[in-house]
Amino acid sequence: MNSSSTSQQDNKTHRIVFICAGLLCLAPFISSPMALVLGFTLASLGWVPVQWNIAALTKKLLSYSIIGLGFGINLNAAIEASTHNFGLIVGSIFFTLSLGFMLTRALKFDHVTGHLIASGTAICGGSAIAAVAPAINARNDQTATALACVFVLNSVALFLFPALGHLLNMSQYDFGVWSAIAIHDTSSVVGAASAYGDEALKTATTIKLARALWIIPIALVSTMLFGGDKRKLNLPYFIGFYCLAIAVAHWLPQFNAVYDTLFMMSKRALVLCLFLIGAGITVQKMRASGPKPLLLGVMLWAAIGITSLMYILYFQ
């Protein structure tokens, strides 16, 4: 058998293994952290099909999953959680962006990449970076560095936050608020909160997406500050459909059985999303970004994580 045939056979085997691993993540005994590690392991082994656009698939599946979660959210509870935590949401965003600006200058770090990392930390990780990057004319390498930094910290959060929540004996509601404020990506917020409990999941999803709405004004302000093009804004429209799903479930309660099914299916689909996200992370990508982006990301993450935790535990 020649090398070309061997390579094709290997690719076929890798595709089969990858598909089977993805299907396994839909099983109820596979948790979000397990799915992430499984995806990361296959990526590190070089078993992720290179001809597939995993990033695009992840983005679409994540959007549909978030919309599905909306059918399990109570409208009145969502409004109460969002309004009650409005000050915390806004304060955390502006605190993180301001600190990000100062730390970027102190570290003598590339200001565009620094702003992308700060935006991802302040709002909603990869989605915020994807929205802000074209608006400020960020280069592909700058966007990739910011995304790699955020994805690494998201991975850590999936394991760290539920453990800390149990250690601190946090209530479901408090943990939901904290994870929504202190974890970057919506997928990791949902993964960590889901591991903590259904009430934490619903609270976290609601607050996180209320926070994500700030992508729009932050992207517009970033455009003005960096002299970018407003026509290049890339906004996550799934947030609007998520709100619509909540409204439909509120206005048509006779279909509650259907909504419960959609909610449970969406929870499992999000675990699959984390598998796909893990499949996009490799040791080589983490090393390529160098120490400064990760240092900035860790400092911002620690600052928002600790200050929001203190506020929730002692002042809320």
Side-chain angles (χ1 to χ4, degrees), residues 28-29 31-36 65-66 68-93 95-96 121-125 153-214 239 242-243 245-246 249-250 256 259-260 263-264 266-268 270-271 274 300-316:
F29 55 84
S31 65
S32 299
M34 290 169 63
L36 188 82
S65 300
I66 295 296
L69 286 181
F71 289 103
I73 306 295
N74 180 275
L75 178 62
N76 294 326
I79 293 172
E80 182 180 352
S82 299
T83 53
H84 181 68
N85 292 283
F86 181 78
L88 180 59
I89 293 169
V90 176
S92 66
I93 289 172
F95 168 73
T96 306
T121 307
I123 309 172
C124 58
L153 297 180
N154 275 324
S155 306
V156 175
L158 273 175
F159 296 90
L160 182 63
F161 271 65
L164 287 176
H166 288 300
L167 182 66
L168 297 170
N169 199 28
M170 296 181 74
S171 68
Q172 293 270 322
Y173 178 82
D174 284 350
F175 182 83
V177 175
W178 185 43
S179 59
I181 296 296
I183 301 178
H184 310 72
D185 269 342
T186 304
S187 57
S188 293
V189 169
V190 171
S194 178
Y196 208 77
D198 276 353
E199 184 184 342
L201 172 63
K202 293 176 181 179
T203 301
T205 305
T206 300
I207 295 175
K208 184 63 179 178
L209 292 179
R211 187 179 171 201
L213 290 172
W214 284 83
I239 297 174
Y242 167 82
C243 296
I246 296 176
H250 178 75
N256 275 338
Y259 304 147
D260 289 342
F263 181 76
M264 294 306 298
S266 298
K267 282 178 63 179
R268 295 316 308 170
L270 279 161
V271 177
L274 289 163
L300 286 175
W301 190 37
I304 189 59
I306 293 171
T307 54
S308 61
L309 178 62
M310 293 299 102
Y311 178 85
I312 291 166
L313 292 179
Y314 298 109
F315 300 103
Q316 184 144 282

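When all heavy atoms are compared, the tightest approach of Ser65 to Ser266 is O-CB, 3.3 Å. The heavy-atom pair separating Asn154 from Ser188 by the smallest distance is CB-OG, 3.2 Å. The minimum heavy-atom distance between Leu160 and Trp301, with the atom names listed, is CD2-CH2, 4.3 Å. The nearest pair of heavy atoms linking Ile181 to Ile207 is CD1-CG2, 4.3 Å.
For the atom pair CG of Leu75 and SG of Cys243, the computed distance is 9.5 Å after rounding to the nearest 0.5 Å. The distance from the CD1 atom of Ile312 to the CG atom of Leu309 is 6.5 Å, given to the nearest 0.5 Å. We find the CG-CZ distance between Leu167 and Phe161 to be 13.5 Å, quoted to the nearest 0.5 Å. To the nearest 0.5 angstrom, Ile123 atom CD1 is 9.0 Å from Lys208 atom NZ. In this structure, Met34 CE and Leu158 CG are separated by 13.0 Å, a value rounded to the nearest 0.5 Å. Atom CZ of Phe95 and atom CD1 of Ile93 lie 13.0 Å apart (nearest 0.5 Å).
Using cut-offs of 30° and 60° for the angle between ring planes, the Phe86 and Trp214 rings count as tilted. Ring orientation note: the planes of Phe71 and Tyr259 are close to parallel, at an angle under 30° on the 30°/60° scale.
In this structure, Val189 and Thr205 have side chains that are not in contact, with every pair of non-hydrogen atoms separated by 4.5 Å or more. Counting only heavy atoms from C-beta outward, the side chains of Thr206 and Tyr242 approach each other to under 4.5 Å. You'll find the side chain of Thr307 stays beyond 4.5 Å of the side chain of Tyr311, heavy atoms only. Between Arg211 and Asn85, the closest side-chain pair of non-hydrogen atoms is not below 4.5 Å.
Counting only residues at least two apart or in different chains, salt bridge (Lys or Arg N to Asp or Glu O under 4.0 Å) contacts with residues 179-198 comprise Asp198-Lys267.
Taking the ring centroids of His166 and Tyr196, they lie under the 6.0 Å cut-off.
In this structure, Asn169 places its CG atom where only 12 or fewer heavy-atom neighbours from other residues, nucleotides or ligands lie under 6.0 Å away.
The backbone N or O of Gly305 sits less than 3.5 Å from a side-chain atom of Trp178, completing a donor-acceptor pair.
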